[in-house]
Amino acid sequence: MPPTLASLVHHSALKLTVRAGRDRLDVPVRWAHPSELADPVPYMEGGELLLVTALKLDAEDPEAMRRYVRRLTGAGVAGLGFAVGVNYEEIPKALVDAAEEEGLPLLEVPRRTPFLAISKAVSAAIAADQYRAVTAGFAAQRELTRQAQSGGPEGVLAALAAQVDGWAALYDASGAVVATAPEWAVRRAARLTGDVQKLRDRPAPASSVVGGPENEDRVELHTLGTGRRPRAALAVGTAAAPGTAERYAVHSAIALLTLTTERSGSLQAAEQRVGAAVLRMLLAGEPDHARAVAGDLYGELLDAPFRMLVAERVPVSASAALARAEARKGAPAVDRPSAAALAAADTGGDPLAALSDVVESAAARAGEAVLVVPEGERLVVLAADGGAAASACGEYAAALETARAGIREKVPGGEEDELVVGLSAPAGPIAASAAYKQAEQALSVARRRGRVLVEHERMAAGSVLPLLADDAVRAFADGMLRPLYEHDATGRGDLVASLRAWLSKHGQWDAAAADLGVHRHTLRYRMRRVEEILGRSLDDPDVRMELWLALKAVGTE
């Protein structure tokens, strides 16, 4: 601990005597400074032991001494040392009384004790305290490093909490609590999720100090990570501001947790290469080789049903994107599943990086494997069916979908990318290629429908009619039906409407004729004309199917 007035009084070589303020001798002393100025306050920083001989002071004037002492107390001076036997044989009563009134510790310095000796004693005590703090800090670093090697992030948090005599918590990029030490701090840490999310929006590295709920404690928040975007955050709760040794421990924990939560660029690139190789082997129908390459890194992912996810960027106008962002801010939290995922997705406008962050963070929290492979303008993900990563993807897509709701109008302006995702049905390693095709099909449907995410299972269970909105399908339908439209345009019949009615009644002449309000012989004549014009037989079920889908396609315009 730093030197105090009490430690100086008990210093046997200094022979100091207390003349006032005996009950405030526990005040820390930052420095000892001699000054004979009548008003030394402009040169004080607070915490000093001011040493005087009263060379320029009217030390016997009570009013002058009250003003002098009041100024020193207001400036935060720790105490006043008065040298006797120089200008005064003893400390004047006016100064003693003023010091007692203001509660300023007043120490009598004997003539044989030079001010330099007091300054050296203070300096030596400060240096010893700093040495003790540095030594304790290095010991804390060693203990934190040992815990990081044996216990991981949880071990680091436990050691840090013990070092600062408080609690510590680790958050992921979304602000969700990952771990706490001690365990009782989990509820207290959860209350700070909003503060962690705000800290994430500041340039990294960032830190802040917040008061705990009902002033329970003082909490420091620090971002973790080496990039522009923090990958995690650390909270440290203490009863008071950490000292030098505790500060060493906090900074060591930040460094160690950064190493444990953020992989190096080379390691991440190596993992991506392994993941890409595993994916290629799965798609090539070589599950055994894929499993051998996956090893412990992705092996457990191939031991249970997984889902294949394919994501792409699609352009959207910048003005519309801004409007959607404003809508997202105003949407109630209940309408935005896992809204923290949106906060984690601040990736400089890259929706694929945002999705990657969401699924990888969710998988890390749950301790499950996830395979993420960038493919140019695409992102391919293998996630355990029913696992945290697959669920996080769905929740994130739902949040984005909510943000888009009601803001479909495209405003002219610059272009920004949005996310489109296709999700396969559950599959195993043998069916990986089929799962990839399912994800691509779902992605195509999502792109056409303007949806964030489409699941292949739901697409198959729904109607095929929305698929007819594709431009290629419409072009086919227009080409197939154009001769009939041209015939009807001459006023020589209503072949298109007759064909639609006849097909809708499954070729039942009487029912279709009744709907049209014509005789069934008239309808038979019209269907023969359709066959003549198209050069195809209506007895062929494939022809009927194509004509019906063509009519539905042009009807979707």
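- Interatomic distance, CD of Glu286 versus CZ of Arg280, reported as 11.0 Å (0.5 Å rounding).
- Residue Glu375 qualifies as enclosed at atom CD: its count of foreign heavy atoms under 6.0 Å is above 12.
- Heavy-atom contacts from other residues, nucleotides or ligands closer than 6.0 Å to CG of Asp165 number 12 or fewer.
- Using a 4.5 Å heavy-atom threshold, the side chains of Asp303 and Arg291 count as touching.
- Between atom CG of residue Leu301 and atom CG of residue Asp385 there is a gap of 11.0 Å, rounded to the nearest 0.5 Å.
- Atom CG of Leu534 is separated from atom CG of Leu484 by 4.5 Å, given to the nearest 0.5 angstrom.
- With contacts defined as side-chain heavy-atom distances shorter than 4.5 Å, the pair Glu246/Thr238 does not qualify.
- Contact between Glu368 and Glu300 at its shortest, heavy atoms only, is CA-OE2, 4.0 Å.
- Taking the charged nitrogens against the carboxylate oxygens, Arg132 and Asp129 do have a contact shorter than 4.0 Å, which makes a salt bridge.
- The structure places NE2 of His456 at 4.5 Å from CD of Gln441, a figure rounded to the nearest 0.5 Å.
- The two atoms that bring Ala235 and Leu221 nearest to each other are CB-CD2, 3.4 Å, heavy atoms only.
- Taking each heavy atom of Glu220 and Val209 in turn, the nearest pair found is CG-CG2, 4.0 Å.
- Pairing each heavy atom of Ser391 with each of Gly386, the nearest pair is OG-O, 4.3 Å.
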Do Leu371 and Phe306 pass the side-chain contact (heavy atoms from CB on, under 4.5 Å) test, and can you show the C-alpha distance, the side-chain angles, and the key distance before you say yes or no?
CA-CA 10 Å; Leu371 192 155; Phe306 57 76; over 6 Å; no
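- By the 4.5 Å heavy-atom criterion applied to side chains, Leu234 and Leu157 are counted as neighbours.
- Checked options Asp172, Leu256, Leu170; the residue passing with Leu224 is Leu170 (criterion: side-chain contact (heavy atoms from CB on, under 4.5 Å)).
- Considering only heavy atoms from C-beta on, Met308 comes within 4.5 Å of Leu279 through its side chain.
- Note that the CD atom of Gln438 and the CG atom of Leu309 stand 13.0 Å from one another [nearest 0.5 Å].
- Counting heavy atoms from C-beta outward, Val373 and Leu382 have side chains that stay 4.5 Å or more apart.
- Of all the heavy atoms in Ala435 and Ala427, the pair that sits closest is CB-CB, 3.8 Å.
- The backbone N or O of Ile254 sits less than 3.5 Å from a side-chain atom of Thr258, completing a donor-acceptor pair.
- Between Trp167 and Ala161 the shortest heavy-atom distance is CA-CB, 4.0 Å.
- In terms of modelled atom types and a separation under 3.5 Å, the side chain of Arg218 and the main chain of Ala240 share no donor-acceptor contact.
- Residues Cys393 and Val381 form no side-chain contact, since every pair of their non-hydrogen atoms from C-beta on lies 4.5 Å or further apart.
- Side-chain contact between Val380 and Tyr436: present, with at least one pair of heavy atoms (C-beta onward) separated by less than 4.5 Å.
- Atom CD of residue Glu45 and atom CZ of residue Arg30 lie 5.5 Å apart, to the nearest 0.5 angstrom.
- Contact check for Leu538 versus Leu547: side-chain heavy atoms found under the 4.5 Å cut-off.
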